[in-house]
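Take a look at the structure set out below.
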Amino acid sequence: MQSFDKNIGVTIKEIRENKRIKQKELVGGIISMSNLLKIEKGESTPSYDKVVLLCDKLGITLTELIYCHNKYGVTEKEEIIQDYRRLKNSLDEDPFATLINKIDVYLRSNPSDYQITEMKAVLLAALSVNKTQKFDEAKELVAPIWERLQKQHDWYHFDLMIISQSIYVFSEDDAKEIIKTLISQADKYNYYVDNNQLKISVLMNISLYLKINHSILASEHYINEAISLCKQHRNLPLEYTAYAKKAEIEMLKGNEDAAYKLIDKSLGLFKYIGDDKLYDDLKLDWELFLDNIDVYKYTKELEINS
């Protein structure tokens with residue numbers, strides 16, 4: 001069960017007073033007035049269930065309470081996780097190296113944090129593949145993550161985020177199992193904060209795995225779902241990134257006009273908004289795809305039944 005800083009009560013008091021909520025309005029059915037007084041003075045630490053109930057009375061979420069308690073900031077660990085989420089799909093080494101250095105600093109003080117340790121392993125695996133175009137070292141780095149998840153009946157939000165970033169290094173059989181589980185487990189988080197971004201990321205990473213394995217046509221279902229989610233939640237950058245992947249699918253299906261319209265649509269947006277890095281990455285990906293289109297045309301497509 002989560003434990004709280006003793007001064008969490010001081011933050012509760014600040015929010016209560018700012019909202020002009022009286023103490024007697026807050027305590028009803030939750031705790032006694034004397035306990036609330038001790039909590040708000042930082043003399044007593046409330047239990048997790050009491051904090052949740054107090055948050056409900058205050059009209060805020062537990063996440064927001066912790067954010068306010070951290071002076072409208074995040075913990076060092078949360079900052080690392082947010083930096084990880086913001087990384088581009090392209091392997092520009094500088095931001096990867098910067099984040100790995102930040103992780104190393106954090107792990108010196110928190111060596112037993114397995115989540116950040118796993119995150120570092122995924123980053124190192126990605127850099128290894130980018131440098132060598134080989135997967136042996138990357139597989140070795142992320143193997144402990146898969147070993148841990150195989151022992152779990154349920155996967156949690158962090159698990160989904162971390163394993164979806166490393167599907168491409170696994171064998172075909174393991175990857176198929178991971179993909180099926182990712183889809184079913186991600187659906188459980190439909191109403192969780194950030195789930196839409198996570199689900200889109202999962203779908204895009206599955207399509208990347210399929211492309212690496214020369215199975216682009218098998219990614220059509222995942223790309224279409226990603227585009228649909230992006231439209232629902234007005235995520236233009238990811239939507240237009242997905243159009244570039246959809247263009248490859250249309251080209252392989254023989255729909256050349258549709259393919260060029262999609263790639264022009266994708267590149268046009270990033271040119272217009274001045275995202276030169278993503279524009280260059282997508283343009284290069286498209287050119288490399290065209291150069292190798294015969295390989296993609298005549299490679300057996302993988303069947304992933306989710």
Side-chain angles (χ1 to χ4, degrees), residues 79-108 111 113-149 158-176 178-179 182 201-216 219 237-238 241-242 244-245 248 267 270 275-296 299 302:
E79 183 178 322
I80 288 171
I81 293 173
Q82 289 187 11
D83 286 348
Y84 179 83
R85 287 173 177 155
R86 283 193 288 263
L87 283 176
K88 300 284 187 181
N89 287 332
S90 60
L91 290 181
D92 185 356
E93 292 189 13
D94 288 343
F96 274 68
T98 299
L99 183 51
I100 288 169
N101 287 336
K102 184 183 287 190
I103 286 173
D104 285 337
V105 171
Y106 173 82
L107 288 176
R108 282 199 285 271
D113 191 324
Y114 81 89
Q115 290 182 317
I116 302 303
T117 299
E118 289 184 349
M119 185 177 289
K120 179 182 177 181
V122 171
L123 293 171
L124 290 173
L127 286 178
S128 174
V129 171
N130 192 47
K131 287 179 180 178
T132 67
Q133 299 302 306
K134 296 180 180 178
F135 295 91
D136 290 346
E137 182 182 357
K139 286 178 182 177
E140 188 174 340
L141 284 165
V142 302
I145 301 174
W146 179 224
E147 290 171 8
R148 175 177 67 80
L149 290 178
F158 181 87
D159 300 329
L160 298 172
M161 179 181 71
I162 209 77
I163 196 67
S164 71
Q165 297 286 342
S166 36
I167 308 169
Y168 61 91
V169 307
F170 292 100
S171 67
E172 182 178 328
D173 287 342
D174 283 345
K176 285 181 178 180
I178 290 169
I179 289 170
L182 273 171
S201 177
V202 165
L203 293 166
M204 295 292 279
N205 283 319
I206 290 172
S207 71
L208 174 61
Y209 162 78
L210 290 167
K211 180 177 181 179
I212 289 171
N213 285 273
H214 297 165
S215 303
I216 291 176
S219 70
L238 277 177
T241 299
K245 309 308 175 188
E248 296 175 352
L267 293 176
F270 296 112
D275 192 334
D276 295 335
K277 184 67 179 68
L278 193 48
Y279 174 88
D280 290 342
D281 284 348
L282 291 175
K283 187 171 184 291
L284 179 59
D285 280 349
W286 176 250
E287 291 169 351
L288 290 173
F289 163 74
L290 292 179
D291 287 343
N292 294 280
I293 193 166
D294 287 340
V295 176
Y296 291 116
T299 301
L302 297 177

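Around NZ of Lys283, the count of heavy atoms belonging to other residues, nucleotides or ligands within 6.0 Å does not exceed 12.
With contacts defined as side-chain heavy-atom distances shorter than 4.5 Å, the pair Asp113/Gln115 qualifies. Side chains of Ser201 and Arg85 form no contact here, defined as non-hydrogen atoms less than 4.5 Å apart. Considering only heavy atoms from C-beta on, Tyr84 comes within 4.5 Å of Val122 through its side chain. Between Tyr209 and Phe170 the shortest side-chain heavy-atom distance does not fall below 4.5 Å. With a 4.5 Å cut-off on side-chain heavy atoms, Val105 and Asn101 do not count as touching. For the pair Leu282 and Lys245, the minimum side-chain heavy-atom distance is below 4.5 Å. The closest side-chain heavy-atom distance from Leu182 to Ile167 is below 4.5 Å. Residues Leu210 and Ile216 fail the side-chain proximity criterion, which asks for heavy atoms closer than 4.5 Å.
Pairing each heavy atom of Phe270 with each of Pro237, the nearest pair is CZ-O, 3.3 Å. The two atoms that bring Tyr279 and Leu267 nearest to each other are CD1-O, 3.4 Å, heavy atoms only.
We find the CG-CG distance between Leu278 and Asp285 to be 9.5 Å, quoted to the nearest 0.5 Å. For the atom pair CG of Leu107 and CE of Met119, the computed distance is 10.5 Å after rounding to the nearest 0.5 Å. Taking CG of Leu127 as the start and CD of Glu137 as the end, the distance is 10.0 Å to the nearest 0.5 Å. Going from atom OG of Ser164 over to atom CE of Met204 covers 12.0 Å, rounded to the nearest 0.5 Å. Atom CD1 in Ile178 sits 10.0 Å away from atom CD1 in Ile145 (nearest 0.5 Å). The distance from the OH atom of Tyr296 to the NZ atom of Lys211 is 5.0 Å, given to the nearest 0.5 Å.
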Take Phe289 and Ile293 through the test side-chain contact (heavy atoms from CB on, under 4.5 Å) and record every step on the way to the result.
-> CA-CA 6 Å; Phe289 163 74; Ile293 193 166; 4.0 Å; yes
Applying side-chain contact (heavy atoms from CB on, under 4.5 Å), run through Ile103 and Thr117 and close with a yes or a no.
-> CA-CA 8 Å; Ile103 286 173; Thr117 299; over 6 Å; no
Take Val142 and Glu118 through the side-chain contact (heavy atoms from CB on, under 4.5 Å) test and state the conclusion after the steps.
-> CA-CA 8 Å; Val142 302; Glu118 289 184 349; over 6 Å; no
Criterion side-chain contact (heavy atoms from CB on, under 4.5 Å) on Arg148 and Asp159, from CA distance to verdict = CA-CA 10 Å; Arg148 175 177 67 80; Asp159 300 329; 2.9 Å; yes
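Partner Lys277 forms a salt bridge (charged side-chain N to carboxylate O under 4.0 Å, His left out) with one of Asp275, Asp280, Asp281 and no other, that one being Asp281. Each of Asn213, Ile206, Val129 was scored for a side chain to side chain contact (heavy atoms under 4.5 Å, CB included) with Tyr168, with one residue passing: Val129.
At least one donor-acceptor pair closer than 3.5 Å links the side chain of Ser166 to the backbone N or O of Ile162. At least one donor-acceptor pair closer than 3.5 Å links the side chain of Asn292 to the backbone N or O of Leu288.
The residues Arg86 and Asp83 are annotated as salt-bridged, a charged nitrogen and a carboxylate oxygen being separated by less than 4.0 angstrom.
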